[in-house]
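For reference, the structure discussed in these notes is given below.
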Amino acid sequence: MNLSAMLNGASATAPESWEMALSNLLAAPVAIPLLTAALILLFARWGGRRRIRLQGVLTGLALFLNLAVALFLFQATAGRGERFVLQMGAWSAPFGITVYGDGLSATLLLLTALVAMAVYPFAVATIDYHRERMGFYPLYLLLLMGVNGAFLAGDLFNLYVFFEVLLMASFVLLTVGAQPAQTNSGIRYVVLNLLASTVFLVAAGVAYGTLGTLNMAQIAQRLPLASAAVRTVFAGLLLVGFGSKAAIFPLFFWLPSSYHTPPPAVTALFGGLLTKVGVYTLFRSYTLFFPDLLIDWQQPLLTLAGATMLVGALGALAQPGIRRLLSFHIISHVGFMLMGLAVALSGNQLAIGFGLAAAVLYLCHHMIVKTALIMAGGAVELYMGSDRLASIGGLVTRQPFLAFLFFLAAISLAGIPPFSGFVSKLSLLQITLDTRHWLVSGVSVFASLLTMINMIRLWRESFWGEYKRPGRIPSRILQSKARQWLMLTPIAVLVLLSLGLGILGEPAFRLTTRVAQQALDRQAYIEAVRPAASDPWSVKR
Amino acid sequence: MIALLLAIAVGSLFASGAYMIMRRGQIKLILGLGLLSHGVNLLLFGSGALTMGRPPIFLDKKKYAETLATVVPADPLPQALILTAIVISFGITAFVIVLINRRHTITATDVVHGELVPLLREGDPFDFSESQDTDEYDWLAYEVDEVYDSDESLTGSTQRPTSEIDESEAMKRVDYR
């Protein structure tokens, strides 16, 4: 392949060829799922159950490779503090496609790989043959590719393209099967997400029209020279576009109206990955483009964050089903992350970026625990044939292990020590209190209390009381021990990860602090990408 | 002047697209999405600065050097961006049309409706036993052809799909070929 690379000059100890090989690895999280999906669609598309099994094996292999690459990148960036830049086809920065990976990207890549890997056995156990035949596995991989690409994109237009890739895969994953509820929710999801994409594309157009570039490093370079109006419009458009992907307060309506309709495995994947792409792009764009707006706009951002937390938790309280409740609750957590972004720059006299560090830690906790919880809720739904809280109950006597896992995941989400929820909420709260934002800290504590109430409600309605099983259960779930273990093992692994993240809270926070400081170092980003100094833009205007 | 016209065109495309999206019919929804994407494409087109008589690509090197000495040639990048955006919006529009068609055949309605959840009720606000929620669990509907461990499947109604019955009945006929 005609790939060449440049690397941050800081790590000059390694030989040049090794560095280039490492940077080429940045393409792998996009290339692996794409190539595997293409392979499946080309050679294993048609045929019966044996072909489907082949698809499943290939998908598992790709997910495993992706996890290995993500681990390696995480170790190199977040662990050793390196930055990788890959200029595709050796075109220098503003002209070619820039792929950029630092600690923040690698953290999200790693978590995405983990979530995809964990949901995969659950999907194998629970997705029905018809959906598998309609291309469930290639879609799974393409969704993964879009998410990974969005984390690695180094310019706005490629970010848009990867957004569209992941949206397209999620549209199909949401609606494949074409049940009435799925098509209903599919239309809402598609239209609202398309509107968000449109707003984001307008932002890209504004950036190109006023700054003459789409490369993120060059935008960061030129934005300080632009007028206040341009900066405000650009920041506002990005906030609306990315914010509605992230499901922040007034723009979240696509989420609770669609997440409960596909099979639980798809809900778990969406709940773990999709909104987080929006959160990541908010983190990236606001820390890279407008670090000053993080101070100027702190009050509005905090207001949005508080409203998001409250509305998410209160809305979840009124939901009648397990998956509806859990997916509504995602919104509340996005509010916490937004609160972390609003105080991103805060720190002590030794270092800045503790706010962003806490937000990143919260993001890690959320992705792990939310996926585990949605999978556990999906397992309850499968054992009960229904997830209506009013009509189920008493599962604790029949499925004690599932009940145990659900309980652990629920108290981790609610923030009880020694799980990761406690550490991440504590660090966020501490930083908000340190910066004297009393009101929003109070709101976050109240939202945590509501989370606890929600979790208690879920637990009480589905596990305690008299055993009630309203619906029919697909026998392939109950008759096969292997399927049940495929369902429960990933939940157990994720719960153990959450426990580990909680017990190793201090080293984890130190790691995310390094990640946050790396992300906040704009100069280093620009130097790593090294956009060409002069181009026609300066002449044209 | 041209820039003003372009701005007016983009604005009216956005306005009419937004209006169409907010109406209830689904065909109008598709039209609205199309208008919006056209608006964005025009906006991207305008972002490359409107120039006249300055082609971006010259075959003649000397002419290129001459032109470059006086003015900056037109920016070809927005057209590439628009092309990408057009392809993406084409694919998505196709998907939306198929989705809406599918929904129309399933539910026999053209109206995008929300879920009607009564917010204020008498008694316990969290008692959902009465709520009419038709949306749920029909992702399981595909599995009706599999055996369930419920009582109905044990009583043994061996009803085959109608297509299969038709086929076997037809085979009994003398003139079956």
Side-chain angles (χ1 to χ4, degrees), chain A residues 128-131 157 160-161 164 167-168 171-172 175 177-188 190-191 194-195 198 201-202 204-210 214 257 260-264 317-318 320-321 381 385-391 457 471-476 478-479 536 539-540, chain B residues 14 17 21 26 29 32-33 36-37 39-41 43-49 72-73 75 77-78 81 84-85 88-89 91-92 95-96 99-100 102-103 106-107 112-115 117 119 125-131 133-143 146-150 152-153:
Chain A
D128 49 290
Y129 173 59
H130 300 265
R131 283 194 174 84
F157 204 77
Y160 167 72
V161 170
E164 293 301 310
L167 274 186
M168 204 66 198
F171 292 163
V172 185
T175 52
Q179 298 307 301
Q182 280 186 302
T183 54
N184 273 340
S185 70
I187 288 173
R188 291 174 217 146
V190 169
V191 171
L194 277 187
L195 284 179
T198 308
L201 197 55
V202 170
V206 166
Y208 192 73
T210 53
L214 287 168
S257 73
H260 60 281
T261 53
L317 208 57
E381 188 177 343
S386 163
D387 82 336
R388 286 269 301 271
L389 286 172
S391 44
R457 184 165 154 249
R472 301 178 302 176
I473 309 170
S475 63
R476 64 191 171 86
L478 276 192
Q479 282 167 7
V539 187
K540 195 164 77 180
Chain B
F14 267 100
I21 279 179
Q26 293 183 348
L29 185 73
L33 287 177
L36 271 185
S37 71
V40 179
N41 289 343
L43 189 137
L44 283 178
F45 183 69
S47 75
V72 178
D75 190 353
L77 187 73
L81 300 182
T84 317
I88 291 174
S89 73
I92 287 178
F95 176 80
V96 174
L99 178 65
I100 284 176
R102 179 75 191 165
R103 178 171 176 277
I106 296 173
T107 58
V112 184
H113 61 80
E115 289 159 282
V117 180
L119 283 176
F126 296 116
D127 178 17
F128 292 100
S129 50
E130 299 289 312
S131 73
D133 195 349
T134 53
D135 258 14
E136 45 194 346
Y137 332 121
D138 52 1
W139 64 270
L140 276 170
Y142 255 130
E143 309 189 352
E146 302 193 23
V147 184
Y148 286 87
D149 71 346
S150 59
E152 302 99 271
S153 66

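In what follows, chains are A, B, ... by sequence order, proteins preceding strands, each numbered from 1.
- Separating the CG atom in B:Leu43 from the OH atom in A:Tyr208 is a distance of 13.5 Å, to the nearest 0.5 Å.
- With a threshold of 4.5 angstrom between heavy atoms, A:Leu201 approaches chain B through its backbone and through its side chain.
- For the atom pair CD1 of B:Ile92 and CG of A:Leu194, the computed distance is 5.0 Å after rounding to the nearest 0.5 Å.
- Both the backbone and the side chain of A:Thr198 have a heavy atom closer than 4.5 Å to some heavy atom of chain B.
- Neither the backbone nor the side chain of B:Phe45 comes within less than 4.5 Å of any heavy atom in chain A.
- Taking a 6.0 Å sphere around CZ of B:Phe95, one finds it holds more than 12 heavy atoms contributed by other residues, nucleotides or ligands.
- Taking NE2 of A:His260 as the start and CD of A:Gln182 as the end, the distance is 10.5 Å to the nearest 0.5 Å.
- How far CZ of A:Arg457 is from CG of A:Leu389: 5.5 Å, rounded to the nearest 0.5 Å.
- With a 4.5 angstrom heavy-atom cutoff, A:Val190 touches chain B only via side-chain atoms.
- For the set B:Thr84, B:Leu81, B:Leu33, B:Ile21, the entry with the most heavy-atom pairs within less than 4.5 Å of chain A is B:Leu81.
- The CD atom of A:Glu164 sits 5.0 Å away from atom CD1 of B:Ile88, with the distance rounded to the nearest 0.5 Å.
- Contacts between A:Leu195 and chain B at a heavy-atom distance below 4.5 Å involve the side chain alone, from C-beta outward.
- For A:Phe157, the part sitting under 4.5 Å from any heavy atom of chain B is the side chain, from C-beta outward, and nothing else.
- In terms of non-hydrogen atom pairs under 4.5 Å with chain A, the most contact-rich of B:Val96, B:Leu36, B:Leu77 is B:Leu77.
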